[in-house]
Number of protein chains: 2
Amino acid sequence: MGKSGGMWMSFFRGRYLHSLDAKGRVAIPQRFREALGGGEEALRLVMTVDPEGCLVVYPEAVWRDLERKWESLPQMNDELKTYLRFMVGWASDGALDRQGRILVPPPLRDYAGLEHEVWFVGVLQNFEIWNGERLEKATGRDRVQSVTQKLSGLF
Amino acid sequence: MGKSGGMWMSFFRGRYLHSLDAKGRVAIPQRFREALGGGEEALRLVMTVDPEGCLVVYPEAVWRDLERKWESLPQMNDELKTYLRFMVGWASDGALDRQGRILVPPPLRDYAGLEHEVWFVGVLQNFEIWNGERLEKATGRDRVQSVTQKLSGLF
DNA sequence: TGATTCGTGGGGAAAAGTGGGGGAATGTGG
DNA sequence: CCACATTCCCCCACTTTTCCCCACGAATCA
């Protein structure tokens, strides 16, 4: 609310530092909650891992599209099986509690090296949850500058 | 609003020294406000970071075009993911308050090393917010002269 | 010199994030 | 099938941040 009716926030943007409490819960940033589901219904999402060492969170609808795509692929080769074992095998679906928090299952917490402080990072269609040091390595200036070079043909 | 004489300034130009107050707010230079969004509606903008160490501010419309472009690219690309994590991951969207100010979120403040005094610099389609010393390093004469050499073929 | 605009500062209500107590649900071992 | 421990999720209370309002002072313009 407040933020005016402008309904253009359909993407996840920005970074937020939140804290994981002793019970393994974190509050989803309010801005992300808005992007998650709009309406009144309970916001459902799917959380899984990323090879870079963070967690990735998708709105349920977006995740379903991914699943449909995977399922409809022509042939199931070893690479695809490995990939699915990873993405789907780590996936955990859930809903926000009434305070807008999610519970991060212990295996995922371990995978991403999450302690007390965690960073939320929006990347358009989904968002990520990072351990601070890992995030810094992944988005350091040097890394970004070299990446920008390679991408410069694209835009 | 004031000097609505007639034509709009459609580009951002010039540099202005303003101050960030204790709550992290800065007034956008009046000239920039005019360029931002014409009409009477609340002026919306998106602020993110630049690898050179400053903040970049785009009018909402310009930013949306960027997002549309990014979104249409193949998403499995690691370089693109890194790039988005940087550009989108730092992005903060907001509107000016009634005094024409924006709130600079703490993470962005830290990234750009902004203390009390900050410089606004117009660069056509968008403008930047700098820490004074960094700006001086980035636009020192020696630096600019060498750059100008390399560019001389372009115009 | 009075009126208007622009930048700056601060008070205060509302919202967002954080932490903890306790009941329901789940699962495990007798 | 029944204790028992564990996990999960609700509610409430507290702190911090955000945002809306009003007000002052410097600069500008007639």
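Given the structure is predicted, the values throughout are model-derived calculations rather than measurements. Convention: sequence-line order gives letters A, B, ...; per-chain numbering from 1.
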Between atom CD in B:Q30 and atom C1' in C:dT4, what is the gap in whole Å?
-> 13 Å

According to a 4.5 Å side-chain heavy-atom criterion applied to Ile, Leu, Val, Met, Phe, Trp and Tyr, with indirect links allowed, do B:V26 and B:L114 form part of one hydrophobic cluster?
-> yes

Counting heavy atoms from C-beta on, name the nucleotide in C:dG21, C:dT18, C:dG9 closest to the side chain of B:R25.
-> C:dG9

Interatomic distance where CZ belongs to B:R33 and P belongs to C:dG7 [whole Å] = 5 Å

Taking only the side-chain heavy atoms of B:R101 (C-beta and beyond), determine which of C:dG10, D:dC11, C:dT18 contains the nearest atom.
-> C:dG10

Look at the side-chain N and O atoms of B:S19 and state whether any lies under 4.0 Å from the OP1 or OP2 oxygen of C:dG7.
-> no

Find which nucleotide of DNA chain D each of B:R98 and A:D97 is nearest to by heavy atoms, and output the residue with the more 5' nucleotide.
-> A:D97

Nucleotide C:dC6, atom P - distance to CD1 of B:I102 in whole Å | 17 Å

How many Å lie between CZ on B:R31 and C1' on C:dC6, as a whole number?
-> 13 Å

Determine the contact category for A:I28: base if any of its heavy atoms lies under 4.0 Å from a base atom, sugar-phosphate if only primed atoms, P, OP1 or OP2 are that close, otherwise nothing.
-> sugar-phosphate

Whole-Å distance between C:dA15 P and A:F32 CZ?
-> 21 Å

Rounded off to whole Å, could you give me the NZ-to-P distance for the B:K23 and C:dG10 pair?
-> 9 Å

Return the value, rounded to whole Å, for the distance between atom OH of B:Y16 and atom C1' of D:dA27.
-> 15 Å

Note: for B:P105 and B:Q99 on DNA chain D, the residue whose nearest nucleotide lies more 5' is B:P105

Kindly work out whether a path of hydrophobic side-chain contacts (I/L/V/M/F/W/Y, heavy atoms less than 4.5 Å apart) joins B:Y58 to B:V49.
-> yes

Under 3.5 Å, side chain of B:R33 to main-chain N/O of B:L43, donor-acceptor pair present?
-> no

Checking C:dG7, D:dC19, D:dC21 against the side chain of B:L103 (C-beta onward), the nearest is D:dC19

Close aromatic pair by centroid cut-off 6.0 Å: A:W119 and B:W90 = no

Do A:L20 and A:F32 share a hydrophobic cluster (ILVMFWY, side-chain heavy atoms under 4.5 Å, transitive)?
-> yes

Which whole-number value in Å describes the distance from B:L96 CG to D:dC21 C1'?
-> 16 Å

If you check every side-chain atom of B:H18, which of C:dT8, C:dG19, D:dC19 has the closest atom?
-> C:dT8

